[in-house]
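Okay, structure first, notes after.
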Amino acid sequence: MKAMAQRTWKTGEPLELLELPTPEPRKHEVRVRVQAIGVNPVDWKMRSYGPLRLAARLLGPRPPVVVGVDFAGVVEAVGPGVTRAVPGDRVVGGTNFSRGQRGSYADTVLVREDQLCRIPDSVDIAAAAALPISGVTARMAVVDLGRIRQAQPADRRVLVLGASGGVGQLAVQIAESEGAFVAGVCSTKNVEMVTDLGADVVLDYTQGDALTQARAHAPFHIVIDCVGNYSGADCRALLSSRGRHIMVAGDSPAAVVQMLVSPFKSKTILGKPTGERLEPLVAAVAAGKLRVSIAEKLPLTSAEEAHRLSRTSRMTGKLILEP
Ligand SMILES: NC(=O)c1ccc[n+]([C@@H]2O[C@H](COP(=O)([O-])OP(=O)(O)OC[C@H]3O[C@@H](n4cnc5c(N)ncnc54)[C@H](OP(=O)(O)O)[C@@H]3O)[C@@H](O)[C@H]2O)c1
């Protein structure tokens, strides 16, 4: 199999196209021929600095390090204990980037069957590959940790900071589909797009402090921070009495401190994709209720370029790599 990998964990080590042994599935494992890979900020953060890199170094695979989590493709081979997948199935999933599992920047991945969700023929493979981290995180923020369904319909008010990003775009749509009043924060160039996704109000952070602008629409049942540089205290000040501030982004030293000693109303997300968590997202895309926007498709060998683009934090839509 071919994979884009770092030969060592050294910072600055480039990703190279390497030939690695093709793995054989063990009892509950499935081998997938990858057709599309979703790029997420965590993919390059693991390579560069901070707590994600530390965690990946301590718990992730040994070199050569194949980075990446999201993938979609076709089942190629299954282990003897697999009951939920057969060769030929179209599937989407996320690698768990553990000691025993490599990342997804490859033409082949080996995962457990519970990490996969089947994709109907009507769902585009690249759109599916955009879902695992972004979609699971967005849905957890709104439905699970944000507990939107526990709010009375009239109290379902959601503020999404970073509404034009990979996670934010899906959070806006999921909140809207739960009947919420949605306020989205983005820059001028994305105001129209976020409005089109279903936000009731779009606040342009280049025209003045976003949280000050948001006060006119408070109180919110959920404030979702997909940016990471907004003050937690200021976000909590916009909440209703039972509201929650959900921290999606947060790997700056200040954000890590806030996460470790987070006040009761602030919750940190770990958007880990599983087959079960992907099911409602794939169903929503198939039903035309959730739209995925793809910024650019690049060949797998351009993974470094994809990371350069993702680091700008200015991409509107997902970057997809194709093996
Ligand atoms: N906890 C988890 O499990 C988890 C999961 C997924 C992602 N994350 C983290 O969440 C963050 C977002 O991820 P992503 O995939 O959505 O990134 P992304 O697609 O790169 O989105 C970045 C977005 O941030 C917006 N932005 C930049 N500065 C802003 C500001 N001051 N106010 C409002 N929006 C601003 C940009 O919009 P404009 O161009 O309109 O400015 C851009 O659309 C990253 O830090 C990522 O590591 C965490």
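Order of appearance sets the numbers: ligands from 1, and atoms from 1 within every ligand.
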Quiz item: Hey, are Gln101 and Gln115 close enough side-chain-wise for a donor-acceptor pair under 3.5 Å?
Solution: yes

Quiz item: Will you find, in the side chains of Ser164 and Thr316, an N or O donor that is under 3.5 Å from an N or O acceptor?
Solution: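 Result is no, nothing qualifies.
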
Contact check, [X] vs ligand 1, heavy-atom distance below 4.0 Å:
| X | result |
| --- | --- |
| Ile133 | yes |
| Ala210 | no |
| Gly228 | no |
| Lys318 | no |

Quiz item: If you round to the nearest 0.5 Å, how far is OH of Tyr105 from CG of Leu321?
Solution: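 Atom-to-atom, Leu321:CG and Tyr105:OH are 5.5 Å apart.
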
Check whether any N or O atom of [X], backbone or side chain, sits under 3.5 Å from an N or O atom of ligand 1, and answer yes or no.
| X | result |
| --- | --- |
| Ala163 | no |
| Thr316 | no |
| Gly317 | no |

For [atom], what's the nearest protein heavy-atom neighbour? Residue, atom name and distance, please.
| atom | answer |
| --- | --- |
| atom 31 (N) of ligand 1 | Tyr230 OH, 3.4 Å |
| atom 37 (O) of ligand 1 | Ser164 OG, 2.8 Å |
| atom 36 (C) of ligand 1 | Ser313 O, 3.4 Å |

Quiz item: Within the side chain of Asp70, is there an N or O that forms a donor-acceptor pair under 3.5 Å with the backbone of Gly94?
Solution: no

Quiz item: Is Asp43 reaching over with its side chain to a backbone N or O of Asn40, donor-acceptor style, under 3.5 angstrom?
Solution: yes

Quiz item: Which bit of Val167 is near ligand 1, meaning a heavy atom under 4.0 Å away: side chain, backbone, both or neither?
Solution: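 Both parts.
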
Quiz item: Hey, is Val248 touching ligand 1 through its side chain, its backbone, both or neither, going by heavy atoms under 4.0 Å?
Solution: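 The answer is both, backbone and side chain.
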
Practice problem: Report, in ascending order of atom number, the atoms of ligand 1 lying under 4.0 Å from any heavy atom of Leu270. | Solution: 3 (O)

